[in-house]
S.K.: 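My structure is below; once you've seen it, I'll send some questions.
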Amino acid sequence: MDWLRDTQWLWWVGAALLLGLIEVASLDMVFAMLTVGALAGAVVAFAGGSLTAQVLVATAVAGLLLVLVRPIALRRLRPAGPAQRTNTAAQIGRPAEVLRQVTDRGGLVKLTGEEWSARSDVPGRVFEPGSIVRVVRIDGATAVVDAPPTAGPEAEEPH
């Protein structure tokens, strides 16, 4: 069984490759940390360490990386704030162009290149075609809009 002992490190490398492929599919940084742990186990196996030592080192390295490195990596990869918002939440605060008069009962706007039904957030407020409004919230499939903030460096053109 010397051949088995001599090839243990290959099993660890194989496990690291498999975990790396899973990480590519998940992009959650968990399997990336497990991959590094498996590679640490491969180093111990290559150096001639016992199976117990290999497992302990792989577990310890993966655990430390999960606790210490993963949160930092996630903060770098997924910045907090508007860049992280998705779906309808990502539309809030965006400018839109009025295509058909918008009142508190209905209307039509162009938001991020798509036509959305819309209504004014303030009863009695009317926005005429061609004007720029700001999305305050999304109610079902309707963009609830209001006047945009005063033009400034952060003012954005509709898409």
Side-chain angles (χ1 to χ4, degrees), residues 1-99 108-119 121 132-159:
M1 289 278 193
D2 284 336
W3 67 271
L4 181 61
R5 183 166 172 81
D6 292 339
T7 60
Q8 281 181 337
W9 68 275
L10 284 173
W11 289 101
W12 285 104
V13 171
L17 287 172
L18 180 64
L19 291 166
L21 289 174
I22 294 171
E23 175 60 38
V24 168
S26 72
L27 298 175
D28 199 33
M29 298 302 289
V30 171
F31 289 99
M33 304 304 139
L34 297 176
T35 299
V36 176
L39 291 174
V43 169
V44 174
F46 189 77
S50 68
L51 182 59
T52 304
Q54 296 168 33
V55 171
L56 288 175
V57 167
T59 304
V61 168
L64 283 172
L65 290 173
L66 282 169
V67 171
L68 300 175
V69 176
R70 181 175 178 263
I72 296 167
L74 287 177
R75 275 194 301 272
R76 290 257 190 208
L77 294 173
R78 299 180 187 159
Q84 190 175 5
R85 295 184 303 183
T86 60
N87 300 329
T88 57
Q91 306 304 332
I92 297 171
R94 289 193 179 202
E97 181 183 357
V98 177
L99 298 177
L108 189 68
V109 297
K110 186 172 192 173
L111 174 63
T112 62
E114 299 176 343
E115 291 184 4
W116 282 68
S117 60
R119 73 171 185 269
D121 189 36
I132 303 297
V133 293
R134 180 179 53 90
V135 177
V136 193
R137 70 180 180 277
I138 302 293
D139 186 12
T142 302
V144 180
V145 300
D146 199 1
T150 57
E154 69 280 344
E156 197 181 319
E157 289 299 314
H159 301 278

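Basis for what follows: all heavy atoms, side chains included, without hydrogens, waters or symmetry-related copies.
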S.K.: Measure the OG1-CD distance between Thr59 and Gln54 for me, rounded to the nearest 0.5 Å.
M.R.: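 Output value for this atom pair is 11.0 Å.
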S.K.: Which value, rounded to the nearest 0.5 Å, describes the distance between Leu10 atom CG and Phe46 atom CZ?
M.R.: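 Rounded to the nearest 0.5 Å, the CG-CZ separation comes to 9.5 Å.
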S.K.: Please examine the side chains of Trp116 and Gln91, heavy atoms only from C-beta on, and report whether any two atoms are closer than 4.5 Å.
M.R.: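 The answer is yes, as the side chains (C-beta and beyond) meet within the 4.5 Å cut-off.
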S.K.: For the pair Arg119 and Val145, evaluate side-chain contact (heavy atoms from CB on, under 4.5 Å) and give the outcome as yes or no after the intermediate values.
M.R.: CA-CA 6 Å; Arg119 73 171 185 269; Val145 300; over 6 Å; no
S.K.: What's the spacing between Leu74 CG and Leu27 CG if we round to 0.5 Å?
M.R.: 10.5 Å
S.K.: Do you know the tightest heavy-atom contact between Glu23 and Val30?
M.R.: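 Minimum heavy-atom contact is OE1-N, 3.4 Å.
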S.K.: Can you see which heavy atom on Pro148 is nearest to which on Val133, and at what distance?
M.R.: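 Closest approach of Pro148 to Val133, heavy atoms only: CD-CA, 3.9 Å.
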S.K.: Do Arg70 and Asp28 have side chains that get closer than 4.5 Å, going by heavy atoms?
M.R.: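 Yes. Closest side-chain heavy atoms under 4.5 Å.
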S.K.: Within the structure provided, determine whether Arg94 and Arg134 are in side-chain contact (heavy-atom separation under 4.5 Å).
M.R.: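 No; the side chains remain at least 4.5 Å from each other.
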S.K.: Can you tell me how far the CG atom of Leu64 sits from the CE atom of Met33, to the nearest 0.5 Å?
M.R.: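 It comes to 12.0 Å.
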S.K.: Quick check: do Leu21 and Phe31 have side-chain heavy atoms less than 4.5 Å from each other?
M.R.: no
S.K.: Shortest non-hydrogen contact from Leu111 to Pro95?
M.R.: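 Closest pair (atom of Leu111, atom of Pro95, distance): CD1-O, 3.5 Å.
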S.K.: So do the side chains of Val98 and Lys110 get within less than 4.5 Å of each other, counting heavy atoms only?
M.R.: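 Not touching, per the 4.5 Å side-chain cut-off.
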S.K.: What distance do Leu66 atom CG and Leu34 atom CG have between them, rounded to the nearest 0.5 Å?
M.R.: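 Between Leu66 CG and Leu34 CG, I get 5.5 Å after rounding to 0.5 Å.
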S.K.: For a side-chain contact (heavy atoms from CB on, under 4.5 Å) with Arg137, tell me which candidate from Val144, Asp146, Thr142 qualifies.
M.R.: Val144
S.K.: Is there a donor-acceptor pair under 3.5 Å between the side chain of Ser50 and the backbone N or O of Ala53?
M.R.: yes
S.K.: What's the verdict on side-chain contact (heavy atoms from CB on, under 4.5 Å) for Val136 and Ile92, showing C-alpha distance, side-chain angles and the deciding distance?
M.R.: CA-CA 6 Å; Val136 193; Ile92 297 171; over 6 Å; no
S.K.: Any side-chain heavy atom of Trp12 within less than 4.5 Å of one from Val55?
M.R.: yes
S.K.: Can you confirm whether Val109 sits close enough to Glu97 that some side-chain heavy atom of one is under 4.5 Å from a side-chain heavy atom of the other?
M.R.: no
S.K.: Search all heavy atoms of Ala16 against all heavy atoms of Leu39 and return the closest pair with its distance.
M.R.: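 Minimum heavy-atom contact is CB-CD2, 3.6 Å.
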S.K.: State, to 0.1 Å, how close Gly37 and Val61 come at their nearest heavy-atom pair, and which atoms those are.
M.R.: CA-CG1, 3.9 Å
